[in-house]
Amino acid sequence: MRVCHTVREVRDFVRAARAEGLVGLVPTMGYFHDGHLALMHRARSECRTVVVSIYVNPLQFGPREDFRSYPRDPERDLRLAEGAGVDMVFMPDDGEMYPPGYATYVEVEGLTDKLCGRSRPGHFRGVATVVTKLFNIVRPDRAYFGEKDFQQALVIRRLAADLNLDLEIITVPTVREPDGLAMSSRNVYLSPAEREAATVLYRSLVKARDAILAGERTPERVRHILAATIAAEPLADLDYAEVYGLPWLAGLDRLEGEVLLAVAARVGRARLIDNLVVKVPPAEE
Ligand code: PAF
């Protein structure tokens with residue numbers, strides 16, 4: 001497995017690889033868990049060459065967020081990437097990604113003014129910018145993103161379509177712990193009691209989904225189920241509990257079609273997010 005630190009090294013590597021078949025990119029911020037490995041395995045099964053980027057992107061963190069303390073373990077990450085059959089890892093530093101004089105940003109409108117976009121101003125501008133740069137550096141045929149960051153995947157799908165990027169965006173289902181907690185690098189911040197409490201996000205989603213499957217069609221009542229379930233957990237502090245229509249997060253008067261249930265809460269030091277997609281059963285005649 002090659003490790004590249006500069007854009008020039010990546011370009012040289014990918015130029016040769018592209019002649020042999022599809023190139024897949026898995027963009028990450030490192031500190032791998034099984035969710036990252038699922039992305040790498042999917043890319044490995046579909047592409048001739050698999051590239052993983054590891055870069056904790058300062059641009060997508062707010063001033064009071066966890067950029068400095070974000071968990072990092074590059075040596076372990078490299079071992080895991082190699083075990084997953086990755087061909088090349090791109091690990092740039094800040095100077096390589098944002099050299100002095102850097103002044104260009106990518107802004108996706110509309111989709112980013114709700115959910116995490118509302119709670120974390122500037123976050124998706126940082127994500128859209130770094131992902132566009134990674135796409136231009138690697139020029140993959142396919143890029144792989146986890147469904148846990150559902151809104152992020154939609155933002156990236158939107159930017160790829162709007163900017164006519166010649167690649168396919170593939171999303172991979174959320175990988176969960178046996179008790180339902182979505183895998184996340186930030187789970188490492190949780191104390192044992194907080195780790196237990198953190199399952200409330202998934203429990204709230206399941207409860208709301210079951211209500212929809214049992215006939216609930218009022219968005220406000222579904223939001224209430226999500227919020228009340230999380231509020232009942234003393235160690236969790238609710239950020240948002242929302243339901244939107246898919247594919248593009250439309251506001252809804254009544255639930256129909258495919259909907260996204262999405263929650264975010266702070267548990268101790270960790271801000272956690274989770275979601276479920278629910279196919280609303282059609283009304284009976
Ligand atoms: O999902 C992540 O890990 C990051 O937001 C991404 C897509 C690698 C951009 O920094």
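Numbers here are sequence positions counted from 1. Both ligands and their constituent atoms are indexed starting at 1 by order of listing.
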Check: of K148, M29, H123, Q60, min heavy-atom distance to atom 10 (O) of ligand 1 comes from Q60
I'd like to know if L25 and L165 are part of one continuous hydrophobic network [Ile/Leu/Val/Met/Phe/Trp/Tyr, side-chain heavy atoms within less than 4.5 Å]. yes
One finds that the ligand 1 atoms under 4.0 Å from a non-hydrogen atom of Q152 are 1 (O), 2 (C), 4 (C), 5 (O), 7 (C)
Q. In this structure, are over 12 heavy atoms from other groups packed under 6.0 Å from D253 atom CG?
A. no
Atoms of ligand 1 under 4.0 Å from any heavy atom of V130, numbered from 1 in the order shown, are 9 (C), 10 (O)
Practice prompt. Would you please say whether a donor-acceptor pair under 3.5 Å links the side chains of T6 and E96?
Written response: no
Ligand 1 to T28, heavy atom cutoff 4.0 Å, flagged ligand atoms 8 (C)
*asked:* Students often mix this up, so state it plainly: with edges at 30° and 60°, are the rings of Y102 and Y105 parallel, tilted or perpendicular?
replied: perpendicular
